[in-house]
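Notes to accompany the following structure.
Given the structure is predicted, the values throughout are model-derived calculations rather than measurements.
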2 protein chains.
Amino acid sequence: MNLIKKSLHDHNSCRQKVMEAAKLYCEEKNLKLTPVREAVLNMLLNEHQALGAYEILEGLRISGFSAQPPVAYRALNFLKDIGFVHKIEQLNSYIACYHPDTTHSPVFLICQSCNDITEKSIDRHEDEFNLLANETGFEITNLVLEAKGTCQACLASA
Amino acid sequence: MNLIKKSLHDHNSCRQKVMEAAKLYCEEKNLKLTPVREAVLNMLLNEHQALGAYEILEGLRISGFSAQPPVAYRALNFLKDIGFVHKIEQLNSYIACYHPDTTHSPVFLICQSCNDITEKSIDRHEDEFNLLANETGFEITNLVLEAKGTCQACLASA
DNA sequence: TCATTAATGTTATAACATAACATGTTGGCA
DNA sequence: TGCCAACATGTTATGTTATAACATTAATGA
Ligand SMILES: [Zn+2]
Ligand SMILES: [Zn+2]
Ligand SMILES: [Zn+2]
Ligand SMILES: [Zn+2]
């Protein structure tokens, strides 16, 4: 975990803000942010990094929830569907989104050295992908954009 | 499988061309395209679609090779490392590359309706990703770019 | 020849994910 | 209130993907 980065922002307030947003969103859409779902989101917000489903599950077990795999996967998929969690495909792991307020195509920068993951965003209507896809009449519904490499901090300390 | 597309090009010659290229490449780089590796590449070139590691394994078993998982994974990883096979992260499956001659960042268009996968390519030095990454001093070593959606043929017949 | 490296064989297990069905909870409506 | 329908959770079992670890064999080249 990138400790420098973690300390550079008011993590507590950032966590609370997103949790509030999630509650509001669910209220508006008449969806339920149940205890399990809230616990999963909270765990991901706390960690501020990608977690595997079985790590989530372990956290749920500790918190007294049922700890069978479907419990974790259901909560993760719910949160993913409403845009508050993204799946990192290359890592088979899940990460909280800190700017879920807009429809966005997340771009993940995954540092292979410190495991820190940065979420960036691209404008879906200006990106190369829709251009590429349009050439062949392909209609995009979902984009997975992940870059592996080395972050600035790790490059500097190498 | 997209039969239209498959029939639109001389698949046999395209397969042979890539296989030749792979042999040449390995010769030049002093790498060995061993029987198992060649069998795996051939299978992927024949199918012209993404296959899971265990489908590959079944093919190997039929061809008389040892059929334990590591056999398939080693061959797939070898072919991936030299750029003749790509992994589709969203599908946990593997697909042959038909233009492995240049260093390229593949972009996959995955049709959710017919399962056809189209590989496109972006210029690594002009793409948005390096711009995004550069902003934060991140150095990219590998890109995963996958779009899910609906292909032209499926859109037309819907 | 003999040491070194690369490749393959083999067993076992880890890690990730879902099917299927039972049970509980909630909220509307007769 | 009693009932139903929809949703959420609990639970068991199993499916799917991938690697660790170590033994064996094959090729390379002093
Ligand atoms: Zn996001
Ligand atoms: Zn780093
Ligand atoms: Zn390619
Ligand atoms: Zn299609």
Side-chain angles (χ1 to χ4, degrees), chain A residues 22-23 25-27 29-41 43-44 49-82 84-95 112 115 144 146 148, chain B residues 22-23 25-41 43-44 50-82 84-95 115 144 146:
Chain A
K23 283 179 178 166
Y25 179 90
C26 286
E27 219 166 284
K29 301 276 179 176
N30 222 3
L31 298 169
K32 274 168 263 183
L33 194 61
T34 61
V36 188
R37 292 165 178 174
E38 184 171 342
V40 170
L41 180 54
M43 209 179 311
L44 286 168
Q49 66 175 310
L51 295 177
Y54 280 70
E55 289 177 281
I56 295 286
L57 201 54
E58 173 62 7
L60 288 177
R61 194 189 60 70
I62 289 167
S63 302
F65 293 93
S66 172
Q68 300 305 320
V71 177
Y73 283 103
R74 283 168 184 152
L76 286 169
N77 288 329
F78 172 85
L79 295 166
K80 184 156 78 73
D81 289 345
I82 65 171
F84 283 79
V85 163
H86 299 298
K87 180 175 182 186
I88 310 291
E89 293 289 345
Q90 287 186 85
L91 302 179
N92 296 315
S93 63
Y94 303 83
I95 192 163
Q112 285 170 311
N115 296 314
V144 170
E146 301 174 4
K148 267 194 179 158
Chain B
K23 283 180 178 168
Y25 179 90
C26 287
E27 217 167 286
E28 278 170 357
K29 300 277 181 175
N30 223 2
L31 298 168
K32 273 169 264 181
L33 194 62
T34 61
V36 188
R37 292 165 179 175
E38 184 172 341
V40 171
L41 180 55
M43 209 179 313
L44 286 168
L51 295 177
Y54 282 73
E55 291 178 280
I56 295 287
L57 201 54
E58 173 63 7
L60 288 177
R61 195 190 58 70
I62 290 168
S63 303
F65 292 93
S66 173
Q68 301 303 322
V71 176
Y73 282 102
R74 283 167 184 153
L76 286 169
N77 287 329
F78 172 84
L79 294 166
K80 184 156 79 70
D81 289 344
I82 65 172
F84 282 80
V85 163
H86 300 298
K87 180 175 183 184
I88 311 291
E89 293 289 345
Q90 287 186 83
L91 304 179
N92 295 315
S93 63
Y94 303 83
I95 193 164
N115 297 314
V144 170
E146 300 175 5

Task: Positional range of nucleotides in DNA chain C within the contact set of chain A, heavy-atom, under 4.0 Å - done: C:dC16 to C:dA20
Open item on the list: By nearest heavy atom, map B:Lys32 and B:Asn92 onto DNA chain C; which one lands nearer the 5' end?
Closed with: B:Lys32
- [ ] Indicate, with a heavy-atom threshold strictly under 4.0 Å, whether B:Tyr54 touches base, sugar-phosphate, or nothing.
- [x] base
- [ ] Output the distance between atom OH (A:Tyr73) and atom CD1 (A:Ile56), rounded to the nearest 0.5 Å.
- [x] 10.5 Å
Open item on the list: To check you understand the geometry: which heavy-atom pair defines the closest contact between A:Ala75 and A:Val36, and what is its length?
Closed with: CB-CG1, 4.2 Å
TODO: Specify the residue among B:Ala53 and A:Ser66 whose closest nucleotide of DNA chain D lies further upstream toward the 5′ end.
DONE: A:Ser66
Task: Given DNA chain D, 5'-ward residue of the pair B:Leu91 and A:Pro35, judged by closest heavy atom - done: A:Pro35
TODO: Can you measure from CG (B:Leu44) to NE2 (B:His86) and round to the nearest 0.5 angstrom?
DONE: 11.5 Å
Task: Minimum heavy-atom distance B:Gln90-A:Val144, with the two atoms named - done: CD-CG2, 3.3 Å
- [ ] Considering non-hydrogen atoms only, spot the tightest contact between B:Ala72 and B:Leu60 and give its length.
- [x] CA-CD1, 4.2 Å
Open item on the list: Using heavy-atom distances to pick each residue's nearest nucleotide on DNA chain C, tell me which of A:Lys87 and B:Val71 is more 5'.
Closed with: B:Val71
Open item on the list: For a quick check of understanding: with a heavy-atom distance under 4.0 Å over all strands, which category does A:Tyr94 fall into, base, sugar-phosphate or nothing?
Closed with: sugar-phosphate
Open item on the list: Please report the interatomic distance NZ(A:Lys87) to CG(A:Leu79), rounded to the nearest 0.5 Å.
Closed with: 14.5 Å
